[in-house]
Number of protein chains: 2
Amino acid sequence: MRLTTFSDYGLRVLMYVGAHDDRLATIGEIAQAYDISENHLMKVVHRLAQCGYVETARGRGGGMRLARAPRDINLGEVVRRTEDRSHLVECFDPQTSGCRIAPGCTLKGLLGEAMDAFFQVLDSHSLADLLVTRPKLVKLLALPRRGATAAPSGGRAARGRQRAG
Amino acid sequence: MRLTTFSDYGLRVLMYVGAHDDRLATIGEIAQAYDISENHLMKVVHRLAQCGYVETARGRGGGMRLARAPRDINLGEVVRRTEDRSHLVECFDPQTSGCRIAPGCTLKGLLGEAMDAFFQVLDSHSLADLLVTRPKLVKLLALPRRGATAAPSGGRAARGRQRAG
DNA sequence: GTTAAGCTGTATTGTGTATACATCTTCAAC
DNA sequence: GTTGAAGATGTATACACAATACAGCTTAAC
């Protein structure tokens, strides 16, 4: 039972942006802070923007910020919208399900119940709950990358830069 | 958010065996009933045997049966023991977690809570709950395979036999 | 001793996620 | 009005891991 790192990154981005709401945050800086792929993060951010969680500004001096108050960003909704494979097991997907016992199977309902319970927890929390430790987060995110001496001035050349590993 | 089909098959095997508790069931027949890979199923069964859910008998006339009463086979436990990647996101695994904000992150706790809620539902049910529709299950499982005219007498030659597709 | 069953280990395939690459668009600063 | 820093977008590749196949062994009934 796993969530995609896509969802994971989505939540982390929201935490970052929420913790730095005094200014615009760029994809590059977030990728550097978490030491993850900038290219992948770009797609995550794009998705968050599509969903109306962040507003992005192109061009020099651009970046992103939250499009709503943290209180209004529900975590269950975020996960549901970043996790596209929403079926726990094969038989949840009517398209591909070929399980013979489906018509008499009580397992499906039970798993559905379990999944509901999972999301109910997330549904009852918002981004604001993740920001209660905000000062600590800001400090942790500001630390220099492991192994990196000083953030190289960067620019487009650094785009392909990868995890220190 | 998905379970592995390994877990899925594990649950299905238990349902099959539980529904046919009047005799031993063979891996071959179960694979045929669900139209899934016999080889893969063999490993699933092996795992179920290791966990003490089924007893297997080698040799001619062999097969498997439940090692406990359905009531004593807890579904949460089954899933936990067949699903080996038990961490929802990277930071749940102390070995590989490199997330910088972990020390100040409240997300992890929240996701843990959600996962607990998921398993709590499964924990409160046993295999017996999946067998309430037993007569129906037996009937569904006895139907001829899609596309198959008559079950070929089988034997080792048929071992590699694959889904009708 | 033959056959039907499970056991075990290894190799291969396949799928989906994650990542990289390349190029385009936008917009602010100069 | 040009430049450069940012996001947008589409495609291609890499990688992990689940799923499957294959090969040979062991066990037990007949």
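This structure is a prediction, so every number in the text was calculated from the model and none was measured. All chains are named by letter (A, B, ...) in the order of the sequence lines, taking the proteins before the strands, and each is independently numbered beginning at 1.
One can place CZ of B:Phe6 at 16 Å from P of D:dC17, the figure rounded to the nearest angstrom. The nearest whole Å value for the distance from the CG atom in B:Leu3 to the P atom in D:dC17 is 17 Å. With rounding to whole Å, A:Leu48 atom CG is found 13 Å from D:dG7 atom P. At whole-Å resolution of the value, CD in A:Gln50 and P in D:dT9 are 8 Å apart. Going from atom CG of B:Leu41 over to atom C1' of D:dA18 covers 15 Å, rounded to whole Å. Between B:Leu24 atom CG and D:dA28 atom P there is a gap of 14 Å when expressed in whole angstrom units. We find that CG of A:Asp8 is positioned 13 Å from C1' of C:dT17, with the value rounded to whole Å. Protein atom CD of A:Gln32 is 15 Å distant from nucleotide atom C1' of D:dA6, rounded to whole Å.
No single ILVMFWY cluster, assembled from side-chain heavy atoms under 4.5 Å apart, contains both A:Leu24 and A:Leu14.
For B:Thr4, no side-chain nitrogen or oxygen approaches OP1 or OP2 of D:dA18 to under 4.0 Å. Phosphate contact (OP1/OP2 of C:dT19, side-chain N/O of A:Tyr9, threshold under 4.0 Å): present. OP1 and OP2 of D:dA6 both lie 4.0 Å or more from every side-chain N or O belonging to A:Thr26. Side-chain N/O atoms of B:Thr56 include one lying less than 4.0 angstrom from OP1 or OP2 on C:dC7.
Both A:His40 and A:Arg58 lie close to DNA chain C; mapped to their nearest nucleotides by heavy-atom distance, the more 5′-ward contact belongs to A:His40. Comparing A:His46 and A:Gly61 by the nucleotide of DNA chain D whose heavy atom lies nearest to each, the residue mapping closer to the 5' end is A:Gly61. Mapped onto DNA chain D by nearest heavy atom, A:Ala49 and A:Arg2 fall at different nucleotides, with A:Ala49 at the one closer to the 5' end.
Considering only the side chain of B:Met42, C:dT8 comes nearest among C:dT17, C:dT8, C:dA20. If you check C:dG6, C:dA20, C:dT10 against the side chain of B:Lys43, the one that comes closest is C:dT10. Checking D:dT9, C:dT3, D:dT20 against the side-chain heavy atoms of B:Arg60 singles out C:dT3 as nearest.
Look at A:Arg23 and A:Glu29 and you find a salt bridge, because one of the NZ, NE, NH1 or NH2 atoms lies within 4.0 Å of a carboxylate O, short of that distance.
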Without placing hydrogens or testing angles, list every side-chain donor-acceptor pair under 3.5 Å for residues 103-119 of chain B, not counting sequence neighbours.
{"residue": "B:Thr106", "atom": "OG1", "partner": "A:Asp129", "partner atom": "O", "Å": "3.4"}
{"residue": "B:Lys108", "atom": "NZ", "partner": "B:Cys91", "partner atom": "O", "Å": "3.4"}

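Annotation for A:Pro70 and A:Leu66: closest pair CG-CD1, 3.9 Å, computed over non-hydrogen atoms.
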**OP:** Mind running salt bridge (Lys or Arg N to Asp or Glu O under 4.0 Å) on A:Arg12 and B:Glu90 for me, showing each step along the way?
**Re:** CA-CA 12 Å; A:Arg12 293 203 215 173; B:Glu90 177 203 323; 3.2 Å; yes
